[in-house]
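What follows is a single structure, written as structure tokens, with notes after it.
Just so we're clear, the structure is a prediction, and the values are computed from it rather than from any experiment. Side chains are part of it too, since the values below use all heavy atoms of this structure and drop only hydrogens, waters and symmetry mates.
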Amino acid sequence: MAKDISLDLDEAAVLAQKWRDYADGVESRGRSQHVPLNELIAMVGDVYAPYTDAKAREYEARQAAYQRVADHSRRHADKLDATKVRFDAEDLEGSQRVARSLD
């Protein structure tokens, strides 16, 4: 038995915005540092340069990972928006075809 395919266009828009908000939050979290690097360097000094260098690389890797998640979330939101636009266009075209056939 075939099932109808439908999409709640308003819900799709809301969901896309939720994905964008999530991406913004993830991106912001990725930029935060438990102890900002400049403060860490000031606290421990040059003696611990290998440690602070490693911490800098860790912060960069962490930020890059969070950025990848944010980018993925935004691409997902874009796909939802594109699907909504496509369904809107198909619905409009279909309703115009029906209206023309009834004239």
Side-chain angles (χ1 to χ4, degrees):
M1 173 186 266
K3 292 185 179 186
D4 291 337
I5 297 174
S6 65
L7 175 68
D8 182 341
L9 300 179
D10 293 332
E11 182 61 28
V14 168
L15 189 56
Q17 186 56 50
K18 285 181 181 180
W19 276 102
R20 283 192 178 81
D21 293 344
Y22 173 74
D24 291 344
V26 166
E27 193 172 53
S28 176
R29 212 168 307 124
R31 284 191 304 263
S32 69
Q33 299 172 349
H34 180 67
V35 178
L37 193 58
N38 60 341
E39 289 179 25
L40 184 62
I41 292 168
M43 286 188 314
V44 299
D46 292 338
V47 173
Y48 291 97
Y51 170 75
T52 55
D53 291 346
K55 195 54 126 169
R57 287 190 300 276
E58 176 189 326
Y59 283 163
E60 289 172 14
R62 180 179 176 273
Q63 184 174 355
Y66 275 72
Q67 188 62 52
R68 284 191 301 273
V69 171
D71 292 345
H72 176 78
S73 297
R74 287 190 183 99
R75 283 192 306 272
H76 186 67
D78 291 345
K79 287 178 185 178
L80 286 170
D81 283 340
T83 300
K84 178 188 176 304
V85 168
R86 177 81 186 242
F87 268 70
D88 268 339
E90 294 292 329
D91 283 349
L92 178 61
E93 182 182 323
S95 66
Q96 289 172 344
R97 250 184 284 136
V98 168
R100 283 192 301 270
S101 68
L102 294 176
D103 287 340

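- Leu40 places a side-chain heavy atom less than 4.5 Å from the side chain of Met43.
- At distances below 3.5 Å, not a single donor-acceptor pair connects side-chain atoms of Glu60 with backbone N or O atoms of Ala64.
- Under the 4.5 Å side-chain heavy-atom criterion for Ile, Leu, Val, Met, Phe, Trp and Tyr, Val14 and Leu9 are members of distinct hydrophobic clusters.
- The CD atom of Gln67 lies 7.5 Å from the CZ atom of Arg31; values are rounded to the nearest 0.5 Å.
- Side chains of Val26 and Arg29 form a contact here, defined as non-hydrogen atoms less than 4.5 Å apart.
- At least one side-chain heavy atom of Lys55 sits less than 4.5 Å from a side-chain heavy atom of Tyr59.
- How far CD of Glu39 is from NE2 of His34: 10.5 Å, rounded to the nearest 0.5 Å.
- Here Leu15 contributes atom CG and Asp10 contributes atom CG; the two are 12.5 Å apart, rounded to the nearest 0.5 Å.
- At distances below 3.5 Å, not a single donor-acceptor pair connects side-chain atoms of Ser28 with backbone N or O atoms of Asp24.
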Exercise for the section: Begin from the C-alpha positions of Arg20 and Asp78 and carry the test salt bridge (charged side-chain N to carboxylate O under 4.0 Å, His left out) through to its verdict. Expected result: CA-CA 9 Å; Arg20 283 192 178 81; Asp78 291 345; 2.6 Å; yes
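- Between Tyr22 and Trp19, the two ring planes are perpendicular [angle over 60°; tilted spans 30° to 60°].
- The side-chain heavy atoms of Ser73 and His76, taken from C-beta on, include no pair separated by under 4.5 Å.
- Judged by the 6.0 Å and 45° rule, Arg62 forms a cation-pi pair with Tyr66.
- Remark: Asn38 CG is packed, more than 12 non-hydrogen atoms of other residues, nucleotides or ligands lying under 6.0 Å away.
- Scanning both residues, Val44 and Thr52, for their nearest heavy atoms gives CG2-CG2, 3.5 Å.
- Leu80 and Val85 end up in different hydrophobic clusters when Ile, Leu, Val, Met, Phe, Trp and Tyr side chains are linked at under 4.5 Å.
- The distance from atom CD of Glu27 to atom CG of Asp71, rounded to the nearest 0.5 Å, is 7.0 Å.
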